[in-house]
Amino acid sequence: MPARRLAEDGGAAGLGRDGGGGARLYRRHDRPLCRARTRTHLQHALGPSMNLYETMLERVREALARLAERGELPAGLDTSRITVEPPRDPAHGQMATNAALVLARQARRRPLEIAELLAGELAALPEVASARTAPPGFVNLVLHDDVWRRQLRTVLELGHDYGRTDLGRRERVNVEYCSANPTGPLHVGHGRGTVVGDALANLLAFAGYQVTREYYINDGGGQIEALARSIYHRYRELLGDDPGPLPEGLYPLEELVAVARTIVEEEGARWLGQPEEAWLDHFGRRGVAAMMALIREDLERLGVRHDVFTSERALIEAGRIEEAIAALEARGLVYVGTLPPPKGRPVEDWEPTPQLLFRATAFGDDVDRPLRRSNGAWTYFAADMAYHFDKFRRGHTTLIDVWGADHGGYVRRMEAAVAALTEERARLEVLLCQIVHLYERGEPVRMSKRAGTLVRLRDVIERVGRDVFRFMMLTRKNDAPLDFDLEKAVEQSRDNPVFYVQYAHARICSVFRHAVEMGHAVDPDSLRAADLDRLEDPGELELVRLVAEWPRVVVAAARAREPHRIAFYLHDLAGSFHSLWTRGKEDATLRFLLADDPARTQARLAMLAAVRGVIANGLGIMGVEPVEELH
RNA sequence: GCGCCCGUAGCUCAGCAGGAUAGAGCAUCGGAUUCCUAAUCCGGGGGUCGCAGGUUCGAAUCCUGCCGGGCGCACCA
């Protein structure tokens, strides 16, 4: 089976979405909805003023409207593709707009002509210090320092809400992640998908979506029978009824011995000598309950709390599959047919069998997909389809699933099913997480599920800590393989991004401790009252500009469903801060704390408070606790 | 054979819903510490963005075809 095979090969990305055995349909955690809370009083502040780039984009559009009004440009131009961005090259100013390039064709004018007109308008704005055109038609802007300083004040006023946006417009998004098979504790590969899903959920909540975090318990299939037999095998061993070596295909997991022991203690030897039908279901349920308990412990260690756990088995028993299929039937998307043999490599025991099929080809899939097995049982796909339909019926219009890359071949059919079942009113987006390669001092750690050497997530977390693990899992794009060196991860050096960022936060905290000793008031109100005109050094304003980019980063990361962008941004921000710090070592006037200039010190503290706030904010999205000291 | 993902500096990777002279870390070479944490910083060298076409004012980014790597390919999950 795909999920297992990848793990056996030494890898781990297997987010195993396979079999299992719980019972109740949904279980809700009691927990405050703090992460997704709405703040109506904040709505006004969520406008353009928080995001300077959006503000300036508005100014550009207004300027174009004025030009159109005066007849210098045609009316009714499509301005949707216009952007205002920080240019790559600082020599091109602080913001650049492509407006003239985008409009040239529609306006039937040369880009530079439009750029000239636009630059003239923009130069007259109070925010703008200079507006210059550059070939082939950019307008490069430099804003007055005051604009950036004012932005800093906004940051301080908004506090931990700085960067929060209404991009999602309260749309209900379901993020399903982890969903590991209830056949054992989580391993390192599960950890990646779990962290990515959890951080993405945090990110989307921060970006204004209404997020449900969900775990699908695959407790409905044959895998649970294997689990039950594995436990029964141990049960016989414990009772001295020698079953011989563990048969192929059963789980060698040591935790299963403990499950068997509990059954012996609580239920005695009554299952001994009984036919399989007598104990299979019971042992399966006990096994799933025990394994889910382990998994929940692991999630707790990772600091992950799902809102909803959905049991595949419960869905099946509640008749949800029949409901989903009926919905498809009503649209003529279900039929009995025979699939062609798999192409490419021959399958020995293949024989043409008529099956109940879903017309996935009508929605872009390569072949129609079976819903029922030849033994009469529902396929995994049928249950998963019903599950996704259920998520939609609970009100979610965007469904995000985080899977291991080994499930890539499954994406198309699931997308097809969601499109069919929801009549395209909901969309499925699947994030595939690539493999995690574990290293120990540069040497690869060999892992094999069969040999029982799969590295348990709990062991890794115990060794490197939750925060380090979570951060490291977000230092790569989800679809890129990730190397994780247990040794380097806890190294306190520059090439460890976790410590690089944490150190920046800790250093700022350190400055504040000294500031308090010097008698500075560092409460939020005092900092907000600082005279920010005292921030004059180009390096300081550069840092402020980076802070001003935070809202863009949130929006871009949320749109792209890429929480790793938060990690990269924080690394940049930390770098800019560290650089400024060191300049203070060379030039005493650039130190943050100046004994003879309390006003300037106060302004610098305000700047640092903003930087610290954004770091804490970003780490919060990643699920990482900022540290105040590193020693 | 088919589908999906990937291919960027010696190594590991970013590259912001197409934007200007492609960036960071590691490695390498050279510098900075009486002073807020040197667990840091500053600088040098290093590139046919896999290859070839196409769309566009503009392509690492979008499209097509090759080459190379990963994952998957009835009635498993």
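Scope of the values below: all heavy atoms of this structure, side chains included, with no hydrogens, waters or symmetry mates. Naming: A, B, ... by sequence-line order, numbering from 1 per chain.
- Using a 4.0 Å heavy-atom criterion, one finds that Val411(A) contacts no nucleic acid atom at all.
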Protein N or O to nucleotides 3-8 of chain B N or O, pairs below 3.5 Å:
residue, atom, partner, partner atom, Å
rC4(B), OP1, Arg412(A), NH2, 3.2
rC6(B), OP1, Asp479(A), OD2, 3.4

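- Using a 4.0 Å heavy-atom criterion, one finds that Ala506(A) contacts the bases of the nucleic acid, with or without backbone contacts as well.
- If you check every strand for non-hydrogen atoms under 4.0 Å, Glu415(A) touches nothing.
- Geometric assessment of Arg561(A) against the ring of Tyr209(A) yields a positive cation-pi assignment under the 6.0 Å and 45° thresholds.
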Pairing of RNA chain B as dot-bracket, 5' to 3': ( ) intra-strand, [ ] crossing, | other strand, . unpaired, with Watson-Crick or G-U pairs under 3.5 Å? (((((((..((((.....[...)))).(((((.......))))).....(((((..]....))))))))))))....
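- Checked by distance alone, Arg476(A) brings no side-chain donor or acceptor within 3.5 Å of a matching partner on the base of rC13(B).
- Between Arg600(A) and Asp597(A) there is a salt bridge, since a side-chain N of the basic residue sits under 4.0 Å from a carboxylate O of the acidic one.
- Residue His514(A) is classed as a sugar-phosphate contact, given heavy-atom separations below 4.0 Å to backbone atoms only.
- Rounding to whole angstrom units, CZ of residue Arg88(A) and C1' of rA14(B) are separated by 12 Å.
- Ring geometry for Tyr410(A) versus Tyr380(A): interplanar angle of 30 to 60°, hence tilted.
- As a whole-Å value, the separation of Leu57(A) CG from rA17(B) P is 13 Å.
- The shortest distance between the side-chain N/O atoms of Tyr500(A) and the OP1/OP2 oxygens of rC41(B) is below 4.0 Å.
- Judged by a 6.0 Å distance limit and a 45° cone about the ring axis, Arg369(A) is not positioned over the six-membered ring of Phe381(A).
- Phosphate proximity of rC42(B) to Ser579(A): present, with a side-chain N or O under 4.0 Å from OP1 or OP2.
- The interatomic distance linking Met472(A) (CE) with rC13(B) (C1') rounds to 13 Å, in whole Å.
- Residues Arg591(A) and Gly584(A) approach most closely at CG-O, 3.2 Å, considering heavy atoms.
- Residue His407(A) places no side-chain N or O under 4.0 Å from the OP1 or OP2 atom of rC73(B).
- At a cut-off of 3.5 angstrom, the base of rA20(B) holds at least one donor-acceptor pair with the side chain of Asn140(A).
- Between Trp378(A) and rC75(B), a side-chain N or O to OP1/OP2 separation shorter than 4.0 Å is absent.
- His388(A) and Asp401(A) share a donor-acceptor pair across their side chains, judged by distance under 3.5 Å alone.
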